[in-house]
Amino acid sequence: MNKKQKKMLVRIIIAAALMIILHFVPVKGVIRFLLYLIPYFVIGYDILRKAFKGIMNHQVFDENFLMAVATVGAIIVALSENGDYTEAIAVMLFYQIGELFQSYAVGKSRRNISELMDIRPDYANVEVDGKLEQADPDEVEIGSVIVVKPGEKVPIDGIIIDGSSTLNTSALTGESVPRDAKYGDEIISGCINLSGVLKIRTTKEFGESTVSKILDLVENSSSKKSKSENFISKFAKYYTPAVCYSALALAILPPVVRMLFMSASPEWATWIYRALTFLVISCPCALVISIPLSFFAGIGGASREGVLVKGSNYLETLSQTKYVVFDKTGTMTEGVFEVTGVYENTMDKEKVLEYAALAESFSSHPISKSLKKAYGREIDQTRVSDVEEISGHGIIAKVDGIDVAAGNYKLMKKLRLSYADSDKVGTIVHVAVNGKYEGYILISDRIKATAKEAIHALKKAGIERTIMLTGDSKTVADSVAKELGIDEVYSELLPSDKVAKVEELLAKKSRKSKLAFVGDGINDAPVLSRADIGIAMGAMGSDAAIEAADIVLMDDDPVKISKAIKISRKCLRIVYENTYFAIGIKLICLLLGAVGIANMWLAIFADVGVMVIAVLNAIRALFVHKL
């Protein structure tokens with residue numbers, strides 16, 4: 001409990017104690033009225049102050065105004081009638097108890113999320129002239145050598161240049177099993193070093209590091225509101241004035257009608273009491289508080305599982321997803337390519353591999369990395385000039401002044417060269433040297449261990465169609481799709497073709513069904529932006545893909561896609577439960593209040609009780625581990 005909450009608890013206890021004492025004090029008239037004002041002001045002075053400020057700022061209609069009018073009115077009615085001020089003070093007391101509970105619940109859920117996302121490093125151990133100096137992570141430059149001791153957080157992304165260890169990545173990925181890390185491995189900030197001492201050469205500034213981006217995403221997620229939240233904001237804007245005018249009408253019209261048309265006693269006190277009860281019942285706190293809290297808890301629960309959602313609007317869209325479209329490489333496959341052979345070659349295999357590796361040496365594509373790895377020697381980039389990368393085709397360059405082309409069959413067609421067809425499963429890199437076809441290199445990519453399970457989980461979660469888009473050959477694409485059980489596959493696509501295909505799929509689906517695209521590469525960014533919901537692989541994905549996506553999977557596990565969908569659906573189910581429950585109870589109680597059946601005590605339940613139940617229900621969205 002914070003200082004403000006403790007102060008409120010003390011006020012509640014004092015006000016409740018004074019009410020109990022005054023119940024046994026035998027005084028009447030003005031003295032009784034003045035004595036009861038003491039607990040009223042103890043518990044309600046801040047509500048009265050806020051209501052007055054709202055009136056002065058021309059922002060009259062809010063819950064403070066409703067409570068102030070209702071309780072002041074109830075006191076005036078009691079003063080003129082029976083002198084029983086207990087109900088008026090009890091309304092304010094229970095309202096403040098509800099507010100305290102709501103404040104504590106929201107604060108607790110925020111603390112839970114903050115603790116789970118407690119990945120911001122306090123310092124970095126920078127190695128300077130063989131000595132360690134503690135520095136602010138923001139001040140560490142790219143290329144610096146930092147040392148991470150056992151028990152410390154990795155402060156900045158980098159590559160391990162010395163040492164080996166096991167890492168706790170649960171705060172980032174939701175994965176409780178520690179991961180091994182050794183020399184040469186890339187390491188992301190935010191994970192905790194469990195055993196050995198690691199020396200890391202930083203590859204990013206702190207502001208661009210994984211930990212910084214995650215914190216930014218979580219902190220800014222509340223700014224992107226869902227349709228449900230926007231609806232509640234608009235609803236409250238019109239609803240509160242409407243109930244105020246309705247209460248005024250309830251207080252004035254029936255007495256006037258009784259006097260003018262029924263020749264009966266107006267019974268002003270009775271109808272004013274009913275109007276005040278109506279005001280207390282109508283307070284929209286349960287909706288205004290519980291709906292944003294449900295989304296906040298849902299986003300927090302997802303972050304615990306290694307699923308970062310950039311806003312509640314994306315959580316809402318994800319819950320309606322019926323089509324999931326995948327990129328292949330790095331999404332459903334490991335993205336770890338290995339050269340498995342050189343075929344149809346007329347020159348020496350080693351020479352074909354050398355030319356291809358050098359030509360591709362400036363590219364960061366996984367296929368280029370596999371060629372360089374298979375070549376196995378240090379690449380001398382001074383031997384390479386006039387490099388031209390043709391998107392979706394391959395590379396043309398000069399190696400030692402000789403024209404080299406390395407790419408797919410489209411590149412060979414573009415250069416009007418005949419090439420060898422292959423029925424082998426894998427990525428084919430055709431190589432031409434000095435305008436002559438010199439064979440092809442076969443590169444294979446492993447399917448992710450959880451990819452098949454991911455497709456099964458999606459279908460179990462009610463996804464209607466699974467679709468895979470890839471720039472790879474038809475043979476490879478069909479083989480992967482068949483093994484995984486994917487419904488449709490489109491191969492040999494350029495990045496622009498992927499966007500066109502997604503446009504086509506979007507046009508075919510029904511308006512209520514949403515389409516999600518899952519990708520990891522820089523060429524996936526346009527498609528991620530175009531889909532109804534973009535999901536990026538966060539651990540190995542490119543910065544452009546992560547930036548363009550609406551949801552980021554921190555451990556690249558495709559099974560997390562179905563998990564994210566289940567989380568979103570649970571969150572939306574809770575939002576609808578709270579909406580229907582709060583509005584339903586309030587409408588029933590408003591009707592009972594208008595006809596005189598409901599009194600102030602029922603009004604307190606309709607306001608505070610409904611709010612407490614709705615807040616408790618909203619917090620359930622935080623618990624998603626077993627979904």
Side-chain angles (χ1 to χ4, degrees), residues 328-330 333-381 383-447 468 470-483 489-494 497 523:
K328 180 180 76 70
T329 306
T333 63
E334 296 281 358
V336 180
F337 291 85
E338 293 175 352
V339 171
T340 54
V342 180
Y343 302 92
E344 303 292 334
N345 52 303
T346 52
M347 68 165 58
D348 183 67
K349 288 182 180 181
E350 290 295 321
K351 201 66 181 170
V352 173
L353 197 55
E354 181 180 357
Y355 277 127
L358 284 162
E360 295 265 8
S361 63
F362 287 94
S363 173
S364 59
H365 192 281
I367 288 173
S368 307
K369 290 178 181 176
S370 68
L371 289 169
K372 287 180 271 191
K373 185 179 177 183
Y375 176 54
R377 279 169 272 171
E378 194 172 333
I379 299 283
D380 182 3
Q381 290 185 331
R383 295 171 60 188
V384 187
S385 61
D386 300 343
V387 178
E388 181 187 357
E389 185 165 353
I390 304 169
S391 182
H393 290 70
I395 300 274
I396 296 173
K398 285 186 182 294
V399 177
D400 298 332
I402 298 167
D403 292 326
V404 175
N408 57 25
Y409 75 95
K410 293 177 189 175
L411 182 63
M412 296 299 108
K413 281 186 175 180
K414 187 178 178 72
L415 298 174
R416 296 178 181 173
L417 294 173
S418 58
Y419 59 93
D421 286 320
S422 173
D423 57 357
K424 293 179 173 63
V425 175
T427 299
I428 306 294
V429 178
H430 296 282
V431 181
V433 180
N434 258 345
K436 183 187 172 190
Y437 184 71
E438 294 291 353
Y440 67 84
I441 301 167
L442 180 67
I443 299 171
S444 298
D445 185 12
R446 293 193 304 271
I447 292 173
M468 189 171 77
T470 179
D472 218 334
S473 69
K474 190 175 189 307
T475 309
V476 175
D478 289 348
S479 170
V480 171
K482 186 178 179 182
E483 186 173 342
V489 59
Y490 300 93
S491 54
E492 300 175 3
L493 300 174
L494 298 172
D497 296 331
N523 61 351

Original post:
Does the side chain of V431 reach to within under 4.5 Å of the side chain of I441, using non-hydrogen atoms?
Top reply: yes

**OP:** Specify the closest pair of heavy atoms between E344 and A420, including all atoms of both residues, with the distance to one decimal.
**Re:** CG-CB, 3.5 Å

Subject >> Flag side-chain contact, heavy atom, 4.5 Å: Y440 against V429 >> reply: no

Original post:
Side chains of V433 and M347: does their closest heavy-atom pair fall under 4.5 Å?
Top reply: yes

Subject >> Distance in Å, L358 CG paired with K372 NZ, rounded so as to fall on 0.5 Å steps >> reply: 10.0 Å

Original post:
For N434, which residues count as a side chain to side chain donor-acceptor pair (under 3.5 Å) partner, sequence neighbours excluded?
Top reply: none

Subject >> CD on E354 to CD1 on I379, rounded to 0.5 Å >> reply: 8.0 Å

Subject >> With sequence neighbours excluded, residues passing salt bridge (charged side-chain N to carboxylate O under 4.0 Å, His left out) with K414 >> reply: none

**OP:** State whether the side chain of S363 and the backbone N or O of E360 hold a donor-acceptor pair below 3.5 Å, judged by distance alone.
**Re:** no

**OP:** With sequence neighbours left out, write down each residue that passes side chain to side chain donor-acceptor pair (under 3.5 Å) with E492, or none if nothing qualifies.
**Re:** Y409

Expected list for residues 393-403: side-chain donor-acceptor pairs under 3.5 angstrom, two or more places apart:
residue, atom, partner, partner atom, Å
H393, ND1, S391, O, 3.0
K398, NZ, D403, OD1, 2.8
D400, OD1, R383, NE, 3.0
D400, OD2, R383, NE, 3.3
D400, OD2, R383, NH2, 2.8

**OP:** Sequence neighbours left out, what passes side chain to side chain donor-acceptor pair (under 3.5 Å) with D478? Give chain and number order.
**Re:** K474

**OP:** Return the set of residues passing side chain to side chain contact (heavy atoms under 4.5 Å, CB included) with A477 (not counting sequence neighbours), or none when no residue passes.
**Re:** M468, T470, V489, S491

Original post:
Which heavy atom in S361 sits nearest to a heavy atom in Q381, and how many Å separate them?
Top reply: O-NE2, 3.1 Å

Original post:
Below 4.5 Å, heavy atoms only, C-beta onward: do I443 and L371 meet side chain to side chain?
Top reply: yes

Subject >> Distance, nearest 0.5 Å, that separates CD1 of I428 from OH of Y343 >> reply: 8.5 Å

Original post:
Any salt bridge (Lys or Arg N to Asp or Glu O under 4.0 Å) pairs touching residues 385-397, not counting sequence neighbours?
Top reply: none

Original post:
Between S444 (side chain) and E338 (backbone), is there a donor-acceptor pair under 3.5 Å?
Top reply: no

Original post:
Got a sec, which residues hit ring pair (Phe, Tyr, Trp, His ring centres under 6.0 Å) with F362, two or more places apart in sequence or on another chain?
Top reply: none

**OP:** Taking side chain to side chain contact (heavy atoms under 4.5 Å, CB included) as the test, write out the residues that go with R377, two or more places apart.
**Re:** E350, Y375

Original post:
Do the side chain of N408 and the main chain of L411 share a donor and acceptor less than 3.5 angstrom apart?
Top reply: yes

Subject >> side chain to side chain contact (heavy atoms under 4.5 Å, CB included) involving T346 - partner list, sequence neighbours excluded >> reply: K436, E438

Original post:
Looking at residues at least two apart in the chain, or sitting in another chain, which of them share a side chain to side chain donor-acceptor pair (under 3.5 Å) with Y437?
Top reply: H430

Subject >> Counterpart residues, side chain to side chain contact (heavy atoms under 4.5 Å, CB included), relative to S479 (two or more places apart) >> reply: V425

